[in-house]
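Reviewing the structure listed below.
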There are 2 protein chains.
Amino acid sequence: MLGYQKNIAASQLRTGRVKVVGVLVPSLVDTFFAALVSDLEEMAEADGYQVLVATSGDDAAREAAQLDALLGWKPSGLIAVPCTNAIPEALRREMATLPIVLVDRIGEEDLPVDTVVVDNHAAGREAARHVLEMGHREILVAASVAGLRPIADRIRGIIDACHAEAVTPRIAELGTDVEDGAARMAACLAREGHPTAVIAMTNVTTLATLTALAQSGIDVPGDVSLVGFDDYAWMTARKTPLSAVRQPISNIAQSAWSCLMARIGGSRDEPVRLTLDAPLQRRNSVCAPRTVPGAA
Amino acid sequence: MLGYQKNIAASQLRTGRVKVVGVLVPSLVDTFFAALVSDLEEMAEADGYQVLVATSGDDAAREAAQLDALLGWKPSGLIAVPCTNAIPEALRREMATLPIVLVDRIGEEDLPVDTVVVDNHAAGREAARHVLEMGHREILVAASVAGLRPIADRIRGIIDACHAEAVTPRIAELGTDVEDGAARMAACLAREGHPTAVIAMTNVTTLATLTALAQSGIDVPGDVSLVGFDDYAWMTARKTPLSAVRQPISNIAQSAWSCLMARIGGSRDEPVRLTLDAPLQRRNSVCAPRTVPGAA
DNA sequence: ACTACTTGGTAAAACGTTTATCCATTCGCC
DNA sequence: GGCGAATGGATAAACGTTTTACCAAGTAGT
């Protein structure tokens, strides 16, 4: 019944440091980031750290503002998912002095900080190969923002795989909002007719595609096959569970966290560049196209 | 190019206050809470506040610890979704001095703080009436934790509605984890046979039910009708979009935020008790049961 | 028993900001 | 032109913790 708790501000003012790490993500509504933050928070708590969460809403200006706010707390470290390929100036400035781990969206190489990413090229390639093997030749890629590094990498992986079979995938840009994306997808479908397979590049575009497909009365996988991205409960809560590329979220979180802890612990090693595998989960949303293309 | 940013700790030490509010939720993986936090964060930013997020993981001990950590920052206010009906001691202690708004899970009446909840009884009643009207008499309620106040209220609403038609719903407790819940639901289905309609009490139990149903090859709404809870993109991204009780998340967030701002602004009014409506979204997952019971 | 060393506990300084006080300067006004 | 008031800049004190310094008392070793 002591009821005493120390004043963190006073403590941090005196010592200059404080057991807090900032976490900056584009959005908490996107389950990918929510899960990431959740995992990080759990590990932080286990290590006696407090997490300061900030979201950029995929807006560079807000990102910069949030970053400043975060930095004002003088955290012992920072884990960030930048919202564009460009590293915010404030972040770049801190790289020299503050332990920082960049995750998922890394636009440039040779950054002087640890990075944890997914092998997006391989992920795209595997997804494409899967639908290719099933005989699909009319493939539509549902991208969020094609310019974003991870998306671009996934698309390149798809294109590389398709190239080997002499097929050229179409690419639709759906944005980061489900409803808006569904509308764009529906428009695309109406305009150009539907392909035999869709590969979605994020969980949001997967949702958008599914919505558009459902609204247009197009059956999955009867009319079009679908490979999703990310792996969530709702994907398997359906009559035909979705095949999808599963991003190893807890691995990502763990890796990022241990990198950060090592840096905070004083490690001055070379920056580590982790690339994690995102394996394809084969389920039932991909099957042979209805009109099998005649043999060559 | 000033590059200066004030030391928040020093500032807060001097003034005793700081533009920060703590937000405590059970989980960020549950989209309901993630969306809530996201909305709150947005409003906080607009008002120049920083949000400190903490999750309790539905564990009372962790909740208490997180609460202490939060309080250590001497925030100007607190928005909390308690993880049980019991208010943590630390919270109760602060109620006298710190602006606090309690959301969603309010176990007791007459708390000396503002509260924002959903009219759970009405929500349950409407959901039940809907399936009742369609002719269903064998109803299964998929609850998470029946003892939790909002869940209990929803169940009472359902029971009250059913009572008027002289039907007694079955109740299954599925917990707060999707996979686990799916297993329990599957067991329940196998043991007792399936009802003609399921009413799920949270988005997690909706997911669990759907998963169990899909795995058992039971068609929605062909074999069993389903009313879900909460309203997310994945619910409409299906061939038969889900009927569901839609919780007004942004309303909840807004109300909670403005209550808190008023208190921080110095309001000493009577505690406000907001009860928001959660309307039923009728879509296509409820239809008449296959074997219509003969007229009375 | 005296010295050297350890231990414990108290006192004081420092962190960076904010607020209040004070003094000097300027301005307006009679 | 002189006086009161207003303005502005500089100075100091305070917030609560941590760290260092210091002193006293106690312990062990010679």
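Quick caveat: nothing in here was measured; it's all calculated off a predicted structure.
- One finds a salt bridge joining B/Glu45 and A/Arg62 here, because a Lys/Arg side-chain nitrogen approaches an Asp/Glu carboxylate oxygen to under 4.0 Å.
- Across C/dT18, D/dT17, D/dT19, the shortest atom-to-atom separation from the side chain of A/Arg17 is found for D/dT19.
- At whole-Å resolution of the value, CG in B/Leu13 and C1' in D/dA13 are 13 Å apart.
- Between D/dT18, C/dT18, D/dC15, one nucleotide has an atom nearer to the side chain of B/Thr15 than all others, and that is C/dT18.
- One N or O on the side chain of A/Arg263 and one on the backbone of A/Asp269 form a donor-acceptor pair closer than 3.5 Å.
- Taking atom CG on A/Asn7 and atom P on D/dC15, their separation rounds to 12 Å, with Å as the unit.
- Salt bridge status for B/Arg92 with B/Glu108: present, with a side-chain N to carboxylate O gap under 4.0 Å.
- The distance from atom CD1 of A/Ile8 to atom P of D/dC15 is 20 Å, rounded to the nearest whole Å.
- Taking CG of B/Asn203 as the start and OG of B/Ser144 as the end, the distance is 10.0 Å to the nearest 0.5 Å.
- A rotation axis mapping the C1' atoms of four pairs onto the next four is fitted at both ends of the helix from C/dA1-D/dT30 to C/dC30-D/dG1 over five pairs, and the angle between these axes is 40° to 10 degrees.
- The nearest whole Å value for the distance from the CD atom in B/Gln12 to the P atom in D/dC15 is 14 Å.
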*Step by step, work out the side-chain hydrogen bond (donor to acceptor under 3.5 Å, both in side chains) result for B/Thr84 and B/Arg105.*
CA-CA 7 Å; B/Thr84 68; B/Arg105 304 208 186 146; over 6 Å; no
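- Contact annotation: A/Ser11 side-chain N/O to D/dT18 OP1/OP2 distance is under 4.0 Å.
- If you measure from atom CG of A/Leu71 to atom P of C/dG16, you get 16 Å, rounded to the nearest angstrom.
- Within a 6.0 Å radius of CZ in A/Arg273, other residues, nucleotides and ligands contribute more than 12 heavy atoms.
- For C/dT18, the OP1/OP2 oxygens have a side-chain nitrogen or oxygen of B/Lys6 closer than 4.0 Å.
- In terms of position on DNA chain D, the residue among B/Arg14 and A/Arg14 whose nearest nucleotide sits closer to the 5' end is B/Arg14.
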